**Q** 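Please read through the structure below; I'll follow up with questions.
All figures in this text were calculated on a predicted structure; none of them were measured in a lab.
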There are 2 protein chains.
Amino acid sequence: MITIKDVAKEAGVSIATVSRVLNNSSKVSEETKRRVLDAINRLGYSPSLIARSLAKKDLKTNVISIVVPFFTRDFFVEVLRGINNVISKSDYSIHLYNVERIEDKERVFSKEVFNRCEGMIIVSLNMQRKEAEFIKEMGKPVVLVDSYYPDFSSVYVDNKKGAYMATKYLITTGRKKIAFVSGAIHDPLGFMASCKRYEGFLEALREAGLEFNPLLHIQTGFSLEKGYRAGKTLLNRSIPFDAVFCTSDIQAIGVMSALVESGLKIPEDIAIIGFDDISDARYLGLSTVRQPMSEMGEVGAKILLDLLMGFDSSYTHLELPLELVIRLTS
Amino acid sequence: MITIKDVAKEAGVSIATVSRVLNNSSKVSEETKRRVLDAINRLGYSPSLIARSLAKKDLKTNVISIVVPFFTRDFFVEVLRGINNVISKSDYSIHLYNVERIEDKERVFSKEVFNRCEGMIIVSLNMQRKEAEFIKEMGKPVVLVDSYYPDFSSVYVDNKKGAYMATKYLITTGRKKIAFVSGAIHDPLGFMASCKRYEGFLEALREAGLEFNPLLHIQTGFSLEKGYRAGKTLLNRSIPFDAVFCTSDIQAIGVMSALVESGLKIPEDIAIIGFDDISDARYLGLSTVRQPMSEMGEVGAKILLDLLMGFDSSYTHLELPLELVIRLTS
DNA sequence: CAGTCATGAGTAAACGTTTACAAAAAATTC
DNA sequence: GAATTTTTTGTAAACGTTTACTCATGACTG
């Protein structure tokens, strides 16, 4: 490793002078500057960021950690995009951690990770009591996106209400037997969205005095194909239904194609409402509950940035609005 | 800021002892250890990573920078996923930089970014001579994914050949008037894929002695909707065509729905082949040129890791195979 | 009971920078 | 041409750790 001393020796000056050239602080004669620059070039020297931060008492890493599950899913990609929009305009850079299994979670919520960053944004993962304690102990600002915990700032939507709105709309327009396609209600990683939406869905039914046949509930993954299969399964069970509410657009689109394939007319025979409002939804005319995905990311990132600036260390809890978007499928 | 000195004073020991407790190296009596731990807790002390690295002469940041354009596009998300798979198993963490505009490129290819990381993976961006010089000067290992430049290790596919294979197949099965839907041929950020695929497409036509009517060429963005519009545009131009080759599946799916909507039969009236083999392609039965997206990411990350271990500092250039997957649309 | 050892804790020198301060050299003034 | 100022350079003390040495202390050996 080549240090500032080597450069100083090579250029025949003191290390202070080299440092001055490096930071072009105060005056250094042109002649000396050239000699130093030459030496730097000859040796291929590059100053140690570590030592520099130490000397400057700038003990910050200028890194923000983003913890996001399955970052290949539309929703997460959009959130990430929002976060990135904001962070990339600041001096911070992004450390990305993908969580797909429980072990990943442990790896991420560790001292090492927290020591390496100034703050953290956690997307969609539900906090366990123990985790929350640990994270609080780390003493770094943390913002939750699409998740809620009293002791951290957060941005989220009211998933229950969103599902309620959609279901209620279906009921209002005369649907009586509504199927429900969701992700896992009890997710091992702790996503709460499906669960909350299930609650909202049931509440709307209950309120209208409608029974729910559990055979009309499919729990499956978030992909076109899984949605398609869910649609097929529903049809195969030959329990009549006149609407489907899905916890994601991607599932809804899959379901829709299964139904269309079977010659059903949408929305005449069966209405469909999704959740998210991904770009395909608009294009396909899918009715859906729009959640501001990239905006959640943006807002979350902004809150974290504020926290890092030391403004206002109290917790912000921000609920962003959901909007029922009725298009052609309901 | 609370330092090791404060802890030492609080616990009534020397800083060396505190350090020993921190690293539980060598022997410290239970009694002292407890006192130190207590003090640490009371003060909420957390050691400075920076100072620690300096003292340990471990001047590494253990960070790998990933530069990726538009990380919301399927292809990039998949590549990222592959990279993440590999990196997350190492001690390195990922710094993510999204490049959407020329300015972003400048921001990313800067001293600051290189100083903050051990190595870099650049996805899909074509190197300019000047950029390459600069990057080489930084002296850190760099791997190109889905891109090629002689002076850097790289993983890529032969886009020209892929397009050639698809087009040739269409010709072999009797198609004579093949439309081409691609991204921008001259992309401002320097994506070469569309351009290369255009070349392969033209070569196959030329070889078969077929003329190409430029009006059958649509340059557009990568989304279902853009694809759909491209399909509509092709139909509106009322120039007969019997096949469409698209530079991405997502465009192909869009085109397909436009054609189906107009009552055309696929593949009887018009054959379609896409590129990528995203999960929807299989599900929809779309014929396509499969490129190993996440594998490219994985391999790229592995190469970088090897480079970082100091194995073999020569350049690796790895071409991964493309595979023509014929399903129902051709 | 002197001599050897093990154990636990302190001292001080690194690590690669920056920067206040001091010193030297050069330029300006009278 | 001495005195003064300005410019340029060097010296050394930080920054917060780790760690090789050293030094007590007390326990064991014969």
**Q** Please report the shortest heavy-atom distance between B/P69 and B/F76, naming the atom on each side.
**A** O-CD1, 3.2 Å
**Q** Establish, with yes or no, whether the OP1 or OP2 oxygen of D/dG16 is under 4.0 angstrom from a side-chain nitrogen or oxygen of B/S48.
**A** no
**Q** Using only atom types and a distance under 3.5 Å, with no angle test, would you say the side chain of B/N84 pairs donor to acceptor with the backbone of B/L80?
**A** no
**Q** Roughly how far apart are A/S88 OG and B/N98 CG, rounded to 0.5 Å?
**A** 7.5 Å
**Q** Taking atom P of C/dT17 as reference, at what distance in whole Å does atom CD1 of A/I40 sit?
**A** 10 Å
**Q** Given D/dT11, C/dG10, D/dC15, which nucleotide is nearest the side-chain atoms of A/K57?
**A** D/dC15
**Q** Tell me which of B/I15 and B/A55 sits closer to the 5' end of DNA chain C, going by the nucleotide each one is nearest to.
**A** B/I15
**Q** Using the ring of each side chain (for Trp, its six-membered ring), is B/H317 parallel, tilted or perpendicular to B/Y315, with breaks at 30° and 60°?
**A** tilted
**Q** What is the separation between atom CG on B/L49 and atom P on D/dC15, rounded to the nearest whole Å?
**A** 19 Å
**Q** Expressed in angstrom and rounded to an integer, what is the separation of A/K27 atom NZ from C/dA25 atom P?
**A** 21 Å
**Q** Please give, in whole Å, the distance from C/dT7 C1' to B/K33 NZ?
**A** 14 Å
**Q** Rounded to whole Å, how long is the line connecting atom CD1 of A/I50 with atom C1' of C/dC15?
**A** 11 Å
**Q** Please check the phosphate of D/dT8 (OP1 and OP2 only) for any side-chain N or O of A/T32 closer than 4.0 Å.
**A** no
**Q** So, is A/R52 close to the C/dT18 phosphate, meaning a side-chain N or O under 4.0 Å from OP1 or OP2?
**A** yes
**Q** Rounded to the nearest angstrom, tell me the gap between atom CZ in B/R20 and atom P in D/dT17.
**A** 15 Å
**Q** Check the phosphate of D/dT9 against A/T17, side-chain N and O only, distance under 4.0 Å to OP1 or OP2. Yes or no?
**A** no
**Q** As a test of reading the structure: which of C/dG16, D/dT18, C/dT18 is closest to the side chain of A/L54, going by heavy atoms?
**A** C/dG16
**Q** So that I can tick it off, tell me whether A/R35 and A/D38 are bridged by a salt bridge, with the cut-off set at under 4.0 angstrom between side-chain N and carboxylate O.
**A** no
**Q** Is any side-chain nitrogen or oxygen of A/T3 closer than 4.0 Å to OP1 or OP2 of C/dG16?
**A** no
**Q** Roughly how many Å is it from CG in B/N24 to P in D/dT18, rounded to a whole number?
**A** 11 Å
**Q** Output the rounded distance in Å from NZ (B/K5) to C1' (D/dC15).
**A** 9 Å
**Q** At under 4.0 Å, does any side-chain N or O of B/S29 touch on OP1 or OP2 of C/dA9?
**A** yes
